[in-house]
Amino acid sequence: MMMIVSHRIAPSLPVPDSVLRMFPDLDDVKECEDRSQHGGRLRSFKHERGHWATYVYIPFQPQEEFLDLLDEVISILKKHDIIMNKMNEFHISQSQTVVLRHHWINLFVQSLRDRLSSMHRFLCIAEQLHVYTNSEKTRTFLGLEISVGKEQLLDVVAEVDQSLKEFNLQTFYQDPSFHVSLAWCVGDTAWKIGGCLKELQTVLDGFENAERLTRFYAEEIRCKAGNKSFRVSLKQ
Ligand code: AMP
């Protein structure tokens with residue numbers, strides 16, 4: 001005689017939000033994959049769970065008219081058949097993108113705080129257009145190079161580099177060209193953009209209030225690790 005045994009499978013209970021929040025690194029894959037959120041920055045390392053893309057930067061909040069200026073720059077590039085994407089946030093990088101293990105993040109941020117929180121805010125002027133490519137030559141950026149504020153930026157980078165070294169991470173460029181990236185495109189198109197830099201610079205220099213729009217104070221240092229963001233305020 002055949003016996004039929006019925007197994008009732010209990011529906012699995014949803015995992016409570018509080019438990020999911022205990023493991024925030026489970027979410028970071030989505031964050032890293034969305035390239036549009038990173039102003040064209042491309043992750044050049046394979047994602048591994050618990051390894052977070054991390055970088056240190058100084059934010060720049062542009063005034064409304066700065067975005068008008070940027071629109072003009074983009075449209076001039078278009079006339080030369082160069083299609084570039086506007087950055088959706090503006091900053092001065094103080095590190096390359098490095099990979100930090102999740103459990104090191106708080107210690108790394110503490111190291112940055114210890115080194116940077118006694119520094120004072122400083123003036124930056126970003127007025128010279130310059131073309132940059134990433135090290136893999138897969139992205140080209142049009143940026144505004146910093147002319148005033150370089151010494152203080154070098155001081156910040158020296159401290160950030162010390163923190164990076166403590167965690168065995170790659171330090172910043174030996175000869176950094178501090179800048180605010182304005183726009184990016186795929187591939188190495190530096191030669192093409194370079195061909196219209198003079199024209200773009202003339203437009204920028206002649207733009208109403210250009211001097212006011214390209215000067216700002218570095219008031220805080222930020223560190224982004226995966227989807228977490230930390231800030232160190234500089235003294236007044
Ligand atoms: P960022 O907007 O700060 O991410 O910079 C855009 C790109 O400029 C990055 O991919 C950097 O690798 C690249 N770059 C190339 N040369 C330099 C340099 N000397 N100093 C800083 N960034 C550079």
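Start at 1 and go down the list; that is how both ligands and their atoms are numbered.
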Could you walk me through whether Gln110 and Asn106 pass side chain to side chain donor-acceptor pair (under 3.5 Å), step by step? CA-CA 6 Å; Gln110 189 53 49; Asn106 287 339; over 6 Å; no

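Looking at Arg139 against ligand 1, nothing comes within 4.0 Å, counting heavy atoms.
In this structure, the side chain of Asp161 does not engage the main chain of Thr171 through any donor-acceptor pair within 3.5 Å. Checking side-chain atoms of His120 against main-chain N and O of Gln236 turns up a donor-acceptor pair under 3.5 Å. Judged by distance alone, the side chain of Thr214 and the main-chain N or O of Glu127 form no donor-acceptor pair under 3.5 Å.
For ligand 1 and His91, the ligand atoms under 4.0 Å from any heavy atom of the residue are 2 (O), 3 (O). The contact set between ligand 1 and Phe141, taken as ligand atoms under 4.0 Å from a residue heavy atom, comprises 6 (C), 7 (C), 10 (O). Close approach of ligand 1 to Pro176 is summarised as follows: ligand atoms under 4.0 Å from at least one heavy atom of the residue are 20 (N). Close approach of ligand 1 to His179 is summarised as follows: ligand atoms under 4.0 Å from at least one heavy atom of the residue are 1 (P), 2 (O), 3 (O), 5 (O), 6 (C), 8 (O), 21 (C), 22 (N). Under a 4.0 Å criterion applied to the non-hydrogen atoms of Ser93, ligand 1 contributes the atoms 1 (P), 3 (O), 4 (O). Residue-ligand proximity, Asp175 to ligand 1, at heavy-atom distances under 4.0 Å covers atoms 19 (N).
Ring-plane geometry between Phe66 and Phe60 is classed as perpendicular, the angle between the planes exceeding 60 degrees on a 0 to 90 degree scale with a lower cut at 30.
For the pair His80/Leu77, no side-chain contact is recorded, criterion being any heavy-atom separation below 4.5 Å from C-beta on. Between Thr189 and Val131, the closest side-chain pair of non-hydrogen atoms is not below 4.5 Å. Taking the side chain as every heavy atom from C-beta outward, Phe172 and Gln94 never approach each other to under 4.5 Å.
For ligand 1, one of its N or O atoms has an N or O atom of Ser181 under 3.5 Å away.
In this structure, Val180 does not count as a contact residue of ligand 1, since none of its heavy atoms falls inside 4.0 Å of the ligand. Put simply, no part of Met87 is less than 4.0 Å from ligand 1, judged by heavy atoms. Put simply, part of Thr133 is less than 4.0 Å from ligand 1, judged by heavy atoms.
Of the listed options Phe172, Tyr132, Tyr173, Tyr173 places a heavy atom closest to atom 12 (O) of ligand 1.
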